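This is a predicted model, so every value here is computed, not measured.
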Amino acid sequence: MRDLILGTAGHIDHGKTSLVKALTGIDCDRLPEEKARGITIDIGFAHLELGAVRLGIVDVPGHERFVKNMLAGATGIDLALLVVAADDSVMPQTREHLEILKLLRVRYGLIALTKADLVDETTREVVGLELRELVHGSFLEHAPIVHTSAHTGLGIAELRAALAGLCDTVQQRTGAEWLRLPIDRAFVVQGHGTVVTGSIVSGWVATGDELEWHKGDGTSERVRVRGLNNHGRPVEEVHRGQRAAVNLAGVPHEAVRRGQELARPGYLAASKVVTVRLTVPADGTHAIKHRLPVRLHVGTAEVMATVSLLDCDTVPPGQWGLAQLFLEDPVTVVWGQPFVVRDSSAERTLGGGQVLQPSATKVRRRHTEAIEQIERLWSDAPETRTLATAWFAGFHGFTPDDLVRAAGAEPEQVGPLVSGLISAGKLIPITLAANHTLLVHPDRIAELETRILGTLAVLHADHPLVTNHDRQKVLARLDYVGDEQLLQAVTDRLIRAKKVVGDARRIARADFKPKLSVNQRKLKNKIVDAHTAGGFTPPEPKEFANQAGGNAAALGDIFEVACAEGFLVRITSEFYLSAEAEAEMRRRVTERLTTGPGATVAEIRDLLGTTRKYAVPVCEYLDRIGLTRRAGDLRVLVR
């Protein structure tokens, strides 16, 4: 069986509920007030089997006061049944409901002319012409108009046949989609607890699965599926295109409301700012202006929002623009999801569109570069959308799973998509910890590299004699980035690229050379000559204090300059060897330890012809650079 969801649409008292009952035998009016008043107030549900297709039917109210309920019911429908009474013809909610269906990007539908037994043939023909004019240019332009009467049974069989034929043409998305179920109703079943219902818009779920319950306030909670039901029958799993009743374990009924969602854990993220492509219908009567307060209807949620137009001041009828919606309460949406906006007083539908950024940060109006990236999010190419997503992710990057929500990628496409972009150098993987890799746009990495190099340039200018700087203190100047691990990883990239020299403790720009004055240069040469002459028994740095004169405060920096230039090697802060002596030391120790079982500190002292004062730090230095390791009282060569 294929499962599809059919939604009704049309003006109040045009016979939607009666028509559904004639088709299915099910009365969708379940509320006592609906029975008493004879009008549909909230959404109702029925089902119909048509050969190999099982239709879940959502019957919506037609009264203008209940358009928000109609919008909640229209979530996830695959095809629509536009209902128009022959004795009334096209009415205000006929037009509004049709416009909503178009904004929600419904692609398939039929038209039912109800109460056809109450008018003559000429009237039916006139109404038919009015309907053709109404649906011109829409997804219903070529849809058949079936004349029906729920009272006499006229056209009911023909309508079933037309629905069956239409279902054969409906194309559903395929692939390993992740579960989303916007909640439209919740109630308690004695002995079972809380049950929520909704139309499954993507993916599937089975009894016993763990889901994420998004509560509509920015928080979420993991919940377990105790049981599932589809149109009154217990089932082990439900999938896209089905109505589902989900029995949740341990969820209090009073905490559940329409507009919340159930989803695969980690799929959705709540946000109070979304970037959208906003359209005003051509036959609309009101433009959408910058800073206009509106009601956002998305999924089954209704949220007050303020429109911030990014590339214009007004979107007139028949036009579209890029905008951000700043919401009073967070919503959970995905890339490409359709939405509708109505005026703040809930009197008219203003427009709608598609989500481009489900979780956005504020974009400055008319910011050319940002707007160009937003436009790329509307591309048909997943690669283009992925790179735009990476650009907006900034320094924090994103993970492959984020692309399903943020770029509309199919889960099974994410791996090859990311691998291809990495191979092309268009995405850069940054490993922050074990099994934790971020994907970052090359522009963002280049920006961070520039900032790190710029920070070092400032430090080098302020301290021209300091060869290198404390790595931790350098990166602390960039703490506004908000991710120290990322800064460390980018610094390592710069070291590998030889743009920065250093190690885990101290770093410098590779192109930096300490700037010594003439006197400082003379003092440095004296220090180097003295260490060359001293061999393995060099002078201590403090011995040069009297010779330094006015440069005494810079004596430590001058030693570091000599090391940076390759003349000296730092053994400890108070002990340096000439580069020649250090190389000779390593040669002698290597030769001695290659042919013997090891050597004590005293034996290494005698090997170098020095004293214990120098031999102990020399052995510790050799351990530190990885040439030797300590084995009891001996030093042995590291193989």
Any R258 side-chain heavy atom under 4.5 Å of D42 side chain: yes

NZ-CG distance between K362 and L310, expressed to the nearest 0.5 angstrom: 10.5 Å

Quick check: does any side chain N or O of Q260 sit under 3.5 Å from a backbone N or O of A255, one acting as donor and the other as acceptor? yes

Quick check for you: to the nearest 0.5 Å, what is the distance between D3 atom CG and H239 atom NE2? 4.5 Å

Between R257 and D217, is there a salt bridge with N-O shorter than 4.0 Å? no

Is the closest side-chain donor-acceptor distance between T197 and D184 under 3.5 Å? yes

Hey, does the side chain of D209 reach the backbone of A206 with a donor-acceptor pair shorter than 3.5 angstrom? yes

Once the angle between the rings of H460 and F512 is folded into 0 to 90°, is it parallel (under 30°), tilted (30 to 60°) or perpendicular (over 60°)? parallel

Residues I430, I428; criterion side-chain contact (heavy atoms from CB on, under 4.5 Å); working and verdict: CA-CA 6 Å; I430 298 291; I428 297 177; 3.9 Å; yes

Might you work through the side-chain contact (heavy atoms from CB on, under 4.5 Å) test for V205 and L181, ending with a clear yes or no? CA-CA 10 Å; V205 60; L181 190 155; 5.7 Å; no

Would you say the side-chain atoms of H136 and E141 include a donor-acceptor pair closer than 3.5 Å? yes

Okay, side chain of Y108, backbone of F139: is any donor-acceptor separation there less than 3.5 Å? no

Do I288 and L278 make a side-chain contact, defined as non-hydrogen atoms from C-beta onward lying under 4.5 Å apart? yes

Minimum heavy-atom distance between V106 and D78, given as atom pair plus value: CG1-O, 4.4 Å

Kindly indicate whether a cation-pi arrangement holds for R385 with W335, taking the cut-offs as under 6.0 Å to the six-membered ring centre and within 45° of the axis. yes

Checking L268 against V334 for the side-chain contact (heavy atoms from CB on, under 4.5 Å) test, could you report, in this order, the C-alpha distance in whole Å, the side-chain angles of both residues, the deciding distance, and whether it holds? CA-CA 7 Å; L268 301 181; V334 299; 3.6 Å; yes

Salt bridge between D443 and K426, side-chain N to carboxylate O under 4.0 Å? no

Between T94 (side chain) and G10 (backbone), is there a donor-acceptor pair under 3.5 Å? no

Donor-acceptor pair, side chain of R365 and main chain of C312, under 3.5 angstrom: yes

For residues P338 and L104, report the shortest heavy-atom separation together with the two atoms involved. CG-O, 3.6 Å

Using only atom types and a distance under 3.5 Å, with no angle test, would you say the side chain of T300 pairs donor to acceptor with the backbone of I183? yes

With the side chain counted from C-beta on, respond yes when V58 and L6 share a heavy-atom pair under 4.5 Å apart, and no when they do not. no

Listed pairs under 3.5 Å, donor-acceptor, residues 393-401 side chains, sequence neighbours left out:
{"unit_1": "T399", "atom_1": "OG1", "unit_2": "D402", "atom_2": "OD2", "d": "3.2"}

Side chains of S202 and E177: any donor to acceptor distance under 3.5 Å? no

Qualifying residue for salt bridge (charged side-chain N to carboxylate O under 4.0 Å, His left out) with E449, from R496, R509, R493: R493

Geometric cation-pi criterion R243 and F45, 6.0 Å radius, 45° cone: yes

Using the ring centroid of each side chain, check whether H11 and H63 are separated by less than 6.0 Å. no

Sidechain N-carboxylate O distance under 4.0 Å for E447, R451: yes

For T361, does its backbone N or O pair with a side-chain atom of Q324 as donor and acceptor, under 3.5 Å? yes

Does the side chain of L79 come within less than 4.5 Å of L55's, by heavy atoms? yes

Student check: side-chain heavy atoms of E237 and Q242 closer than 4.5 Å: no

Here the pair of heavy atoms bringing S271 nearest to P358 is CB-O, 3.4 Å

Does L211 offer a backbone N or O that forms a donor-acceptor pair with the side chain of R264 under 3.5 Å? no

So do the side chains of R105 and Q354 get within less than 4.5 Å of each other, counting heavy atoms only? yes

Between D329 and G216, what is the shortest heavy-atom contact and its length? CB-O, 4.2 Å

So which atom in N69 and which in P61 form the shortest heavy-atom distance, rounded to 0.1 Å? CB-CG, 3.8 Å

NZ/K289 to CZ/R291 distance, rounded to the nearest 0.5 angstrom? 15.0 Å

Distance check, rounded to the nearest 0.5 Å: H97 atom NE2 versus H14 atom NE2? 11.0 Å

I'd like to know if E99 and R348 make a salt bridge, using a cut-off of under 4.0 Å between side-chain N and carboxylate O. no

What are the two closest non-hydrogen atoms of A305 and L325, and how far apart are they? CB-CB, 4.5 Å

Check V315, V276, I374, L377 against L322 for a side-chain contact (heavy atoms from CB on, under 4.5 Å) and give me the one that passes. I374

State, yes or no, whether a side-chain contact exists between V84 and E130 at a heavy-atom distance under 4.5 Å. no

Test salt bridge (Lys or Arg N to Asp or Glu O under 4.0 Å) applied to D511 and K498, step by step: CA-CA 9 Å; D511 57 1; K498 302 188 184 307; over 6 Å; no

Between R471 and D492, does any side-chain N to carboxylate O distance fall below 4.0 Å? yes

Applying the salt bridge (charged side-chain N to carboxylate O under 4.0 Å, His left out) criterion to E96, which one of K102, R342, K68 satisfies it? R342

Just verifying a value: how many Å separate I5 CD1 and T75 OG1, rounded to the nearest 0.5 Å? 10.0 Å

Quick one: OG1 on T349 to NE2 on H297, what's the gap to the nearest 0.5 Å? 7.5 Å

Cation over ring face, R240 and W204, 6.0 Å, 45°: no

Okay, side chain of S419, backbone of P416: is any donor-acceptor separation there less than 3.5 Å? no

K215 side chain to E221 backbone, donor-acceptor under 3.5 Å: no

Q472 and R506: side-chain hydrogen bond (donor to acceptor under 3.5 Å, both in side chains), yes or no, with the steps? CA-CA 8 Å; Q472 204 68 31; R506 301 187 69 82; over 6 Å; no

Walk me through it: do V404 and E410 pass the test side-chain contact (heavy atoms from CB on, under 4.5 Å)? CA-CA 6 Å; V404 181; E410 297 289 348; over 6 Å; no

Can you confirm whether L140 sits close enough to L98 that some side-chain heavy atom of one is under 4.5 Å from a side-chain heavy atom of the other? yes

